[in-house]
Amino acid sequence: MGKTLNIAVLAGDGIGPEIIEQALKVTKAVCNKFGHELKYKKALTGACAIDAVGDPYPEETHQLCMESDAVLFGAIGDPKYDNDPTAKVRPEQGLLRMRKQLGLYANLRPVETFESLLHKSPLRKDLVEGANFMCIRELTGGIYFGEKGREDNGNTAFDNCVYTREEIERILKLGFEYAMERNKKLTIVDKANVLETSRLWRQIGQEMAPKYPEVETEFMFVDNAAMRIIQWPKSFDVMVTENMFGDILTDEASVITGSLGLLPSASIGLHTSVFEPIHGSYPQAAGKNIANPIATVLSAAMMFEYAFDMKEEGALIREAVTQSMEKGIVTEDISKENPHSTSEVGDWLVDYISSK
Ligand code: IPM
Ligand code: MG
């Protein structure tokens with residue numbers, strides 16, 4: 001039986017609107033196929049929200065997110081803020097406030113390789129083939145949200161990194177649970193040789209590990225993890241780490257799959273879940289119809305699976321994506337020789353889904 005899906009669509013800045021349009025088309029096609037009713041509302045966030053109403057995450061947008069079953073998110077950020085370190089309001093604050101206000105403490109970033117794109121990886125084929133791990137990034141704590149400021153007439157700056165036991169326990173619990181469902185290996189990434197917060201993470205990890213005797217738990221310093229992602233990505237199954245380490249490691253991990261434009265994410269926690277690509281707003285490509293929409297389309301697949309427990313719907317999107325790659329219907333980041341536009345890729349996916 002068909003269901004009604006109420007989703008909030010936040011396109012954001014840069015390439016956000018173009019990639020969201022493709023993901024929305026695909027979502028509609030899937031809903032048509034399976035007899036679901038799609039109801040969606042758009043709202044402002046990021047630089048475009050600052051321009052329109054002076055706030056990167058307006059209350060109206062927050063209310064819409066709270067009332068919706070899921071949020072599909074594009075990207076935010078604008079070079080005019082990146083190059084102005086003194087700007088008081090920044091687009092990224094919108095994303096961070098959204099995560100905090102929705103209580104999205106866990107960001108799931110699956111790192112998967114595609115058989116037909118192995119030759120695009122900067123790594124040797126034998127190293128990446130079959131690499132598949134889940135990075136769980138803590139999303140509402142750490143240095144991102146600690147007290148920050150300036151002293152000494154602006155000549156000294158600080159960002160505090162704070163984690164509570166409760167924050168660490170809930171994210172590590174998710175890590176252990178994912179490991180139980182997958183290949184039972186958990187890598188807890190920290191910098192316990194230097195940071196006090198990391199020592200608390202490691203202490204709590206050590207306390208919890210005996211409760212999951214089937215899981216092989218390893219602790220790894222973040223610098224070592226960065227190296228291992230390049231040297232031997234297949235050694236990971238589930239990785240769990242704090243906010244900033246997870247931000248950096250997942251950008252690194254994404255390129256081993258062939259392009260930063262491929263990896264989706266799901267942010268889950270206390271209120272409505274948010275589904276967004278892990279890449280940024282790629283302002284240089286905005287409006288050119290060249291950006292890769294796949295990360296956002298795969299985020300829509302995660303939305304069906306995680307927010308609506310609709311596995312078949314998600315699987316159909318994944319199948320369409322795999323097929324599009326095999327047929328060479330890809331954007332210029334993947335094929336310089338024979339690039340397709342953002343909307344052509346979207347159209348192809350919609351046709352594939354509709355004809356199934
Ligand atoms: C991400 C992004 C954001 C982050 C930025 C845009 C604030 O890089 O989602 O990975 O650092 O979390
Ligand atoms: Mg990032």
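Counting starts at 1 for both ligands and their atoms, following the listed order.
- Of all atoms in ligand 1, listed by their number and element, those nearer than 4.0 Å to a heavy atom of Arg137 are 1 (C), 4 (C), 9 (O), 10 (O), 11 (O), 12 (O).
- Close N/O approach between Glu276 and ligand 1 is not found [any backbone or side-chain N/O within under 3.5 Å].
- Checked for salt-bridge contact, Lys25 and Asp351 miss the test: no charged N lies under 4.0 Å from a carboxylate O.
- Of the protein's non-hydrogen atoms, the one nearest atom 3 (C) of ligand 1 is Leu95 CD2, 4.0 Å.
- Contacts between Arg99 and ligand 1 below 4.0 angstrom, taking non-hydrogen atoms only, involve the side chain exclusively.
- Partners of Asp82 according to the salt bridge (charged side-chain N to carboxylate O under 4.0 Å, His left out) rule, which considers only residues two or more places apart in sequence or in another chain, do not exist here.
- A salt bridge links Glu177 to Lys173: one of the charged nitrogens lies within less than 4.0 Å of a carboxylate oxygen.
- For ligand 1, the atoms closer than 4.0 angstrom to any heavy atom of Arg109 are 1 (C), 9 (O), 10 (O).
- Protein nitrogen, oxygen and sulfur atoms, that is N, O or S, within less than 2.8 Å of the Mg ion (ligand 2) amount to 1.
- The protein atom (non-hydrogen) at minimum distance from atom 2 (C) of ligand 1 is Asp247 OD1, 4.0 Å.
- The minimum heavy-atom distance linking Thr342 with Pro293 is given by the pair O-CG, 3.9 Å.
- Per-residue contacts place Glu92 under 4.0 angstrom from the following atoms of ligand 1 (heavy atoms of the residue considered): 6 (C), 7 (C).
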